[in-house]
Asker: 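Let me begin by handing over the structure; questions about it come next.
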Number of protein chains: 2
Amino acid sequence: MVSDAAPAPAKTPVTLREVASAAGVSVATASKALNGQGRMTARTRERIRETAQRLGFRPNSLAQSLLRKRSFTVGLLTNDTYGRFSLPLMAGVSDALVDAGVSVFLCNVEDDQRLGQLHVEAMLDKRVDGIIATGKRIDRHLPVDLANLRIPVIYAFTQPDPDAIGFVSDDAGGARLAVEQFCVLGRRRIAHVSGPASFAVVHERARAYREVLTEHSLPVAEPLLGHWSEAWGHEAVARLFDGKAGRGEKPDAVFCGNDQIARGVIDALRERGIGVPGDVGVIGFDNWEIVAEATRPPLTSVDMNLSALGREAGLALLSLVGGQPAAPGIRKLPCRLVVRQSCGRPPGG
Amino acid sequence: MVSDAAPAPAKTPVTLREVASAAGVSVATASKALNGQGRMTARTRERIRETAQRLGFRPNSLAQSLLRKRSFTVGLLTNDTYGRFSLPLMAGVSDALVDAGVSVFLCNVEDDQRLGQLHVEAMLDKRVDGIIATGKRIDRHLPVDLANLRIPVIYAFTQPDPDAIGFVSDDAGGARLAVEQFCVLGRRRIAHVSGPASFAVVHERARAYREVLTEHSLPVAEPLLGHWSEAWGHEAVARLFDGKAGRGEKPDAVFCGNDQIARGVIDALRERGIGVPGDVGVIGFDNWEIVAEATRPPLTSVDMNLSALGREAGLALLSLVGGQPAAPGIRKLPCRLVVRQSCGRPPGG
DNA sequence: TCACGTTGAGAAAACCTTTTCCCAACCGCG
DNA sequence: CGCGGTTGGGAAAAGGTTTTCTCAACGTGA
């Protein structure tokens, strides 16, 4: 027998049987030694451990899964192929699971029912322990039916089935943060420019906007709804600022439905010689850093904490898989305001 | 026996054994019937198939994998957590593999060696058939060692190990497309504004830029290297256009290293009253649609075809897993020019 | 009738690990 | 010396599928 020195990468994985025979014990004993189970002398256990170490033994996850009926694998379903929402979310999910030794199948289903079916079946066949469904819109379903699946399902940033568990961002809370910030900064005429009325979050944020203004006894302007683009930001500024009303009647703050709109608003204001944040404060939504940091001045924006949301979803799934019960319903996670320069500084500051 | 009508979702998966006993045959026969193997009467085969169908039988992938030593699973390693490069690439990979019944483990390793190790080991334990490594930079390695892995590895949009197979975009070719386009459009004084010198692609594109200009006997200006931001685009315009040289000596076209720089360039030009594309044509790189479509005018840009690159990588891995040999080396995939309005139209058009 | 080939289907091994018995040896105690 | 209890470790089943081998029945030609 040649003593192989460095544990050179074996061409074929070493099995428990090989460890056992190298250590001169049965596979049963070897298994128990490595898992800290059973009874044996400390010396035997240590010898087996060393042998396994030396041979570079790693248990075959497939065999373990087959037996334990637990694959340490979950599926992540998304239809947000190119979007920027799913990536931080996925990172959070993955982050929460990797420490538990759980790997994540990424399944992009677009909006294709057939593709969704295909992926779900593949995941079921592979005996995933659970599924996380995520999308690009809070108020839409994925094109798959996950209702009676015999494995736990968690929804994140997408519309959950009834009786399921879903995590979403607290958009109303996020909107409050933004508008309250304007109030604190002494802004009095706060406008709201947002996306299409077909999005549920548009109404949720608009409601919060109205509430905060009312609470502060400030005038409530009807929100301007358009679409999620810079161009719409430009147009909204034209509508808000190009009238012949005096300076004192025009907005001194604009709360925007996303960062692209805010970018358009800031650019349009600058083109009109209106100072940001001097004359008008601007706050965006999404905190899309690459946009928020490129605006002039850098954009204050509401962050939905998507990565944290993904983490929570991952942990919730883990606990469900572990057999912990959990009440169905929607959990809203708080947003946070990332203050940069576009909103201005406190009067006294 | 009650005839259960609709195949209600069973609480526990139905096994081959159950199918066999329901059809009155042995598991061996059942297996062969469903896989089109072995010899039996057509009637027997059909009866078994129907029984399986009726019971909603789906083979346990874990058991199959254990036996076949093939898990129909691959790992996708990335360190591009928030970036926009990995998403289209992943979509392409997933797309190429889903039809072969192969699922993809998404592993985000950041730039963390420990995390990389962790993920690679988890994937190896789960007996993935192969690994695709992808990153956010073509000229950097991932923080993991995939050299002697006993399973096939493909690199995509990241620096491959020697003797490995890698797919990257043909950046020089992409740059040629852009500069040639300017030449065709009759531009004569073409500038190049790009990212930091620490990126290999910056030099590759600059070389192509010089070559094309030389081929067309046009003056070659030294490329301006800075960083990948809008702010740098602004500054570059200041350097190029704010001198006291006459209009006839200033650039009439700017080829930018990415879309953000191009965005900055266009904005800065507009602020100076210089018309785009009338006075100066602009072409960007990356074709990041959300930026390219928001510039005024919409930005012509080089698309790296990342989704196609992902597809190629996926197919290559599949063929490697299938035992097909493949020569090591780097394969460059062509870019394409997406023409919008910022480059101008042909003189006669 | 016998030898032989074909057909249809089942038994069992294999994949790798975990876990539940089970058993032999040993110890102490009466 | 006999007995119950403990200790160290092994045999075997289980998990679900695939594949090889085996075998009985049957038909055919001599």
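Note that the structure is a prediction, hence the values are computed from the model and not measured. Letters A, B, ... are given to chains in the order of the sequence lines, protein chains preceding strands, and every chain is numbered from 1.
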Asker: Is there a side-chain contact between Thr41(B) and the phosphate of dT7(C), meaning an N or O under 4.0 Å from OP1 or OP2?
Answerer: no
Asker: When you check the side-chain N and O atoms of Ser103(A) and Lys126(B), is any donor under 3.5 Å from an acceptor?
Answerer: yes
Asker: Would you mind telling me which of dG10(D), dA9(C), dT17(C) lies closest to the side-chain atoms of Gln64(A)?
Answerer: dT17(C)
Asker: When we call it a touch if two heavy atoms are under 4.0 Å apart, what does Ser31(A) touch: a base, just sugar-phosphate, or nothing?
Answerer: base
Asker: Any side-chain N or O of Thr44(B) less than 4.0 Å from the OP1 or OP2 oxygen of dA9(C)?
Answerer: yes
Asker: Side chain of Leu16(A): nearest nucleotide among dT17(D), dT17(C), dG8(D)?
Answerer: dT17(C)
Asker: Could you state the NZ-P distance from Lys69(A) to dT19(C), rounded to the nearest angstrom?
Answerer: 13 Å
Asker: Need one value for Ser65(B): base, sugar-phosphate or nothing, where a base atom within 4.0 Å counts as base even if backbone is also close, heavy atoms only.
Answerer: nothing
Asker: Counting side-chain heavy atoms from C-beta on, which of dC16(C), dT17(C), dT18(D) comes nearest to Pro59(A)?
Answerer: dT17(C)
Asker: Just to verify, which of Lys69(A), Arg68(A), Arg70(A) counts as forming a salt bridge (charged side-chain N to carboxylate O under 4.0 Å, His left out) with Asp129(A)?
Answerer: Arg70(A)
Asker: Kindly indicate whether the side chain of Leu76(A), heavy atoms from C-beta on, has any atom under 4.5 Å from the side chain of Thr134(A).
Answerer: yes
Asker: Among the nucleotides dA9(C), dG15(D), dT17(D), which one has an atom lying closest to any side-chain atom of Phe57(B)?
Answerer: dT17(D)
Asker: Between dA9(C), dG9(D), dC15(C), which one does the side chain of Thr29(A) approach most closely?
Answerer: dG9(D)
Asker: What is the separation between atom CZ on Arg68(A) and atom C1' on dG16(D), rounded to the nearest whole Å?
Answerer: 17 Å
Asker: Roughly, in whole Å, what's the span from CE in Met40(A) to P in dT6(D)?
Answerer: 19 Å
Asker: Output the rounded distance in Å from CD (Gln37(B)) to P (dT17(D)).
Answerer: 16 Å
Asker: Is there a side-chain contact between Leu106(B) and Met90(A), using heavy atoms and a 4.5 Å cut-off?
Answerer: yes
Asker: Please work out whether the ring planes of Phe105(B) and Phe105(A) are parallel, tilted or perpendicular, with thresholds of 30° and 60°.
Answerer: parallel
Asker: Please report the distance, rounded to the nearest Å, between CZ in Arg17(A) and C1' in dT18(C).
Answerer: 14 Å
Asker: Which residue lies toward the 5' end of DNA chain D, Arg39(A) or Ser26(A), if each is placed at its nearest nucleotide?
Answerer: Arg39(A)
Asker: Rounding to a whole Å, what distance do you find between Arg70(B):CZ and dT18(D):P?
Answerer: 15 Å
Asker: Is there a side-chain polar atom (N or O) of Asn60(B) under 4.0 Å from OP1 or OP2 of dG15(D)?
Answerer: no
Asker: Would you say Gln113(B) has more than 12 foreign heavy atoms packed within less than 6.0 Å of its CD?
Answerer: no
Asker: Can you check the Leu66(B) CG to dT18(C) P distance for me, whole Å?
Answerer: 12 Å
Asker: Hey, which sits more toward the 5' end of DNA chain C by its nearest nucleotide, Leu67(B) or Val27(B)?
Answerer: Val27(B)
Asker: Does any donor-acceptor pair link the side chain of Lys32(B) with the base of dG10(C) at a separation under 3.5 Å?
Answerer: yes
Asker: Between Ile48(B) (CD1) and dG8(C) (C1'), how many Å, whole number?
Answerer: 11 Å
